[in-house]
Amino acid sequence: MVVKIQVPRGTQDILPGQVEKWHYVEGVMRRLAAEYGFQEIRTPVFEHTELFQRGVGETTDIVEKEMYTFEDKKGRSLTLRPEGTAGAVRAFIEHSYFAQPQPTKFYYIGPIFRYEAPQAGRYRQHHQFGIEVFGSAEPITDAEVILVAVDLFSRLGLADLTVKLNNIGCPKCRKDYREALIAYFRPQVEALCADCRNRLERNPLRILDCKQESCREVVAGAPEITSHLCAECQEHFSGVQRYLEAAGVKYEVDSGIVRGLDYYTRTVFEIIYTGLGAQSTVCGGGRYDNLIETVGGPPTPGVGFGMGIERLLLTLEKTGCYLPEKAGPDLYIATLGQAAKEAAFAALLDLRRAGLRAVTDLMGRSLKAQLKYANKINARYVAILGENELAQGRVQVKRMADGQDAEVAWPDLLAWLKAQMQADSRKEEEVQDDSR
RNA sequence: GUGGGUGUAGCUCAGUUGGUUAGAGCGCCAGGUUGUGGCCCUGGAGGUCGUGGGUUCGACUCCCAUCACUCACCCCA
């Protein structure tokens, strides 16, 4: 060991014990997405930098200071994706999905990169589960997208999340509103923090979700977007709300929800859990009716969300929701003597092909040490194969949970174990039923 | 980018007003006689005390710098 190399700042290894939890939530996500008619798309983790500049917006924090941008050997500017929508949109256009029956419903699961100062619930590489619906401008689509997130949370056993909903208008009404905001804030510039003074001309909408006490007071009296929406946006907004109510989704209208990406139009929403430290947003998304055109496709509306998997897992852990533990093997074969070792080695082949998770000693340990090891790795059953057993064509099998022993004919081991394990899991179910 | 906190064995942490061979618990490895886990007992491996410099007869301990981790601001998933 010369110089200890650690993971890059803000990244982490997902180790055994943790990775099972990832598999579990990813499994729920994939099943759910399929049930809602979404198909998986896998796009590159890096794209041409220009895609994000055009898509996400030049003035956003993400593009201004958070992108991992580099040049490849031919001098092309590439960027590790700082969000998931742009790549999906690019693929939609590149493969002419717009010429297919609409809507197009994609989902993705993968890493996202942002150069930020890491802290609780925030990383430089994190993972998102995201969905996108292209082609539909109907309010029912916005509601369905939100419903996917809400349904996912409820399937994972999560109850105390809050859906915050807002409508930031289309370019037409947003222009009006922008002017109204500037007109409102300009006389009170002195009361705003330095950041917000900056935002005033560039992006006054952002002042609305400033956390500074002084700014919040000023914001309290600011005109609300809702009163500046055009008739179409208003209708759309109430439509979304009607569908959400029809599906029994609880939500709060919050005019402070603005979102940090420029491409949003009309519907924006966040799903938050207060309990993650400073980071409360687990899922955020909205409608982006001009994005596809901006990136070079035909005018096509879209809605989607991104959900942070790390934050989701943190939330599940904090709220005590079910998460799988590291599982040990079904069977450990402890052997005594070379002949037994060889017999076990060969037998494992069949056991594994039958779907059993089965292992044996690779360390040359004594029988006792093998048993200790089997116990430590949480093996469900241990089969003991020594010279005596080999000679008699039998094997001793021990259930580790209670130490119960059985003698089984060596060729019957697989069948016997399968039957036992089935009986075990039936018992577990009964226990669960009783506790209900 | 800015501020606060923390860096001692694989992990969680002790380490007295600076004093000699830096400790514990857990974990790991091996044993506790003939072939049987969890409990108990014994032994062992494992640390340039984050790194570099300074003060001092002497630094894990004090000072400076640096790096890393962490929390927060900003922003977001």
Side-chain angles (χ1 to χ4, degrees), chain A residues 1-12 15 56 59-66 81-85 109-130 149 193-196 198-199 203 206 209-213 215 257-261 270-273 276-285 304-315 328 332 334-337 340 363-390 396-405:
Chain A
M1 243 199 309
V2 188
V3 183
K4 206 198 275 175
I5 298 177
Q6 299 173 290
V7 289
R9 185 169 166 75
T11 68
Q12 55 190 338
L15 302 171
V56 178
T59 65
T60 57
D61 272 18
I62 290 181
V63 171
E64 271 185 348
K65 50 189 192 191
E66 294 178 358
R81 63 177 177 209
E83 58 98 51
T85 303
I109 295 175
I112 300 287
F113 307 85
R114 287 183 204 164
Y115 192 89
E116 297 190 88
Q119 58 183 297
R122 192 156 86 196
Y123 312 94
R124 288 191 170 176
Q125 173 178 343
H126 76 277
H127 297 77
Q128 284 187 19
F129 163 58
C193 68
D195 281 335
C196 284
N198 243 317
R199 290 170 176 141
N203 198 343
R206 291 283 175 70
D209 70 347
C210 182
K211 272 88 185 172
Q212 296 280 327
E213 188 93 16
C215 295
I257 300 297
V258 171
R259 314 291 307 146
L261 289 74
E270 285 183 16
I271 301 178
I272 65 170
Y273 170 70
L276 295 180
Q279 269 58 50
S280 53
T281 304
V282 179
C283 177
F305 71 66
M307 183 183 296
I309 299 181
E310 283 84 355
R311 286 187 191 173
L312 174 64
L313 286 168
L314 284 172
T315 305
Y332 179 96
T335 60
L336 208 59
M363 297 295 285
R365 280 193 248 251
S366 70
L367 181 65
K368 183 171 180 154
Q370 288 183 59
L371 268 291
K372 274 191 181 177
Y373 174 76
N375 181 244
K376 277 173 195 154
I377 63 170
N378 228 331
R380 281 177 75 176
Y381 286 87
V382 170
I384 297 163
L385 189 65
E387 281 137 29
N388 301 341
E389 285 83 356
L390 210 55
Q396 236 188 96
V397 190
K398 193 167 181 172
R399 191 203 285 156
M400 295 301 273
D402 55 9
Q404 203 176 78
D405 272 314

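Throughout, a chain's letter reflects where its sequence line sits, starting with A, and its residues are numbered from 1.
Residue Arg399(A) has no polar side-chain atom (N or O) positioned under 4.0 Å from OP1 or OP2 of G37(B). Between Lys368(A) and the phosphate of G37(B), there is a side-chain N or O to OP1/OP2 separation shorter than 4.0 Å. Close to A72(B), at under 4.0 Å from its OP1 or OP2, lies a side-chain N or O of Gln119(A). In this structure, Arg9(A) reaches the C69(B) phosphate: one of its side-chain N or O atoms is under 4.0 Å from OP1 or OP2. Between Arg122(A) and A77(B) there is no side-chain polar atom (N or O) within less than 4.0 angstrom of OP1 or OP2. Between Lys376(A) and C28(B) there is a side-chain N or O to OP1 or OP2 distance below 4.0 Å.
Residue-level contact check: Tyr123(A) touches the bases, meaning some heavy atom is under 4.0 Å from a base atom. Ala379(A) comes within contact range of no nucleotide atom at all, as no heavy-atom separation falls under 4.0 Å. Among the atoms of the strands shown, base atoms are found under 4.0 Å from some heavy atom of Gly403(A).
With hydrogens and angles ignored, the 3.5 Å screen pairs no side-chain donor or acceptor of Gln125(A) with any backbone N or O of Gln12(A). Without hydrogens or angle criteria, Arg365(A) side chain to Gln370(A) main chain gives no donor-acceptor distance under 3.5 Å. Looking at Arg122(A), its side chain never comes within 3.5 Å of a backbone N or O of Gly10(A) through a donor-acceptor pair.
Map Met400(A) and Tyr115(A) each onto its nearest nucleotide of RNA chain B; the residue landing nearer the 5' end is Tyr115(A).
When both pairing distances are held under 3.5 Å, C74(B) makes no Watson-Crick or G-U pair with any nucleotide shown.
The base of U36(B) has none of its N or O atoms less than 3.5 Å from a complementary donor or acceptor on the side chain of Lys372(A). Remark: the Asn375(A) side chain and the G38(B) base include no donor-acceptor N/O pair separated by less than 3.5 Å. A donor and an acceptor atom never sit less than 3.5 Å apart when one is taken from the side chain of Glu66(A) and the other from the base of G1(B).
With C1' as the reference atom, A9(B) and G44(B) are 14 Å apart, rounded to whole Å.
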